[in-house]
Amino acid sequence: MSEVTLIGVPLDCGKRRAGCVMGPDAYRVAGLAEALRALGHDVRDAGNLAPGPDLPITGPDHLHRPGAVAAWTEVIARAGRDVAGMPVFMGGDHALALGSVTGMATRAAEADRPFFVLWLDAHSDFHTPLTTASGNLHGTPVAYATGQPGFDGFPPVTHPVEPANVAMIGLRSVDPGERDRLSQTGARLHDMREIDETGMAAPLRDFLSLVAQAREPMLHVSLDVDFLDPAIAPAVGTTVPGGATFREAHLVMEMLSESGLVTSLDLVELNPALDERGRTARLMIELAASLMGKRVFDRPTRPRG
C-alpha cells in the first residue's frame, strides 16, 4: 500500500460564488482519511494550507481576486513539490490546480520523470486572464500549467506541462475560444457526446496506454465535482447536465487504480452549502477510495426501504 498525504486547500477566490472554502473539512467529516486507511494506506493529514499576502497582479479590471489566486498558487505549488508520498489536494475551487499541477510538474521534472494530467471536468479550464469573460480564475488552470501567455505577475511556470500529455474527459461546457485554442495544442479532448458513443473505457484506456509507455511516468488526476451528473452530485456551483453517471465515474477510478500510474489527486469544487445531507462529499470519497483500490465486490449491500 502507499503513503498518502491529505492537503487541505480552502481556496474560495477562483470564482464569485462562495462555499468551497468548506470543502476540505467536509471531506474530513465525511471520512476520507478513514476510507483510505481501511484500504491499508498510510494516511497523514497535513492540515490546511494558508497563503501569504496577495501578489500585486495587474490585469483586466473584471478579474476576480487575481492577487489572492496567485498567492494561493505559490503555496500550493510548494506543497506539491515538497510533500511526502502521494498528495491528495482537498479543495477548494478548481483554481487550486494552478498550484497543484505546476507543483507536481516541477516535482516530476526534478526527478527526471515524464508528467501527465487527466482532467475530469465539464469544463476545459483553458482560459487565461486575457480571455476569460467571467473573470473567474478557476477557469484558467490548464492554460496556466501549459505555459500559455497572459498570466503576468503569477508565479513563473518553470516546467510547463506538454499539452499532448493532457487528456480531458467529460467535457460538455467549453467556450468557442477555448475550443479553438485547444484544438491547436495536441491535448486529448473527449466530450460527453463521444462518451455516449464509445463509453468511458475507450478514451481512458488509450490515454493510460500512452502514459504507461513512458519511463517512470507521474500522472496527476484532477477530479471536479461537475465531472459528475448533478443528479448524483448537486454540491457544485457550476452544474452542467449530462455528466458522468455513478458507474461511469467508478469505472474511471477503478481503471486508474488498476493502472498503478496515479501519483497525485485533486478533489475540487465541492460546495457543502449546496449539498444534500452530504451525499456529494460521500460520493467523492467513494470515488477516491475506488482510485485507491476499493472494488465493486468490496461494497456492502444496503438494506431496502
Item to check | R215/D112 salt bridge by N-O under 4.0 Å criterion | outcome: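 R215 and D112: salt-bridged.
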Item to check | Salt bridge flag under 4.0 Å for residues E276 and R282 | outcome: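 Judged by the 4.0 Å cut-off on N to carboxylate O distance, E276 and R282 do not form a salt bridge.
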Next on the checklist: Tell me if the centroids of the rings in W119 and H94 come within less than 6.0 Å of each other.
Outcome noted: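 Ring centres of H94 and W119 closer than 6.0 Å.
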Next on the checklist: Nearest 0.5 angstrom please: E269 CD to L96 CG, how far?
Outcome noted: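 So the CD of E269 and the CG of L96 are separated by 8.5 Å.
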Next on the checklist: Assess the residue pair S124 and R179 against the criterion (side chain to side chain contact (heavy atoms under 4.5 Å, CB included)); give the C-alpha distance rounded to whole Å, side-chain angles, the decisive distance to 0.1 Å, and a yes or no.
Outcome noted: CA-CA 8 Å; S124 61; R179 183 186 61 227; over 6 Å; no
Checklist entry - Only one of R107, M218, M104 forms a side-chain contact (heavy atoms from CB on, under 4.5 Å) with S264, so which one is it? => result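 Exactly one candidate clears the test, M104.
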Close side-chain approach of [X] and [Y], heavy atoms under 4.5 Å:
{"X": "P10", "Y": "M22", "answer": "no"}
{"X": "D229", "Y": "T245", "answer": "no"}
{"X": "T185", "Y": "T146", "answer": "no"}

Item to check | CA sep, side-chain torsions, deciding dist, call: R81, T102, side chain to side chain contact (heavy atoms under 4.5 Å, CB included) | outcome: CA-CA 9 Å; R81 292 194 305 268; T102 54; over 6 Å; no
Checklist entry - Should L228 and L287 be marked as a side chain to side chain contact (heavy atoms under 4.5 Å, CB included) after you check the CA-CA gap, both sets of side-chain angles, and the distance that decides it? => result CA-CA 11 Å; L228 307 165; L287 292 174; 3.9 Å; yes
Next on the checklist: Counting neighbours of CZ on R193 that are heavy atoms of other residues, nucleotides or ligands and sit closer than 6.0 Å, is the number greater than 12?
Outcome noted: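 Check fails, neighbour count at 12 or below.
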Checklist entry - Do D275 side-chain atoms and R277 backbone N/O form a donor-acceptor pair below 3.5 Å? => result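 Between the backbone of R277 and the side chain of D275 there is no qualifying donor-acceptor contact (under 3.5 Å).
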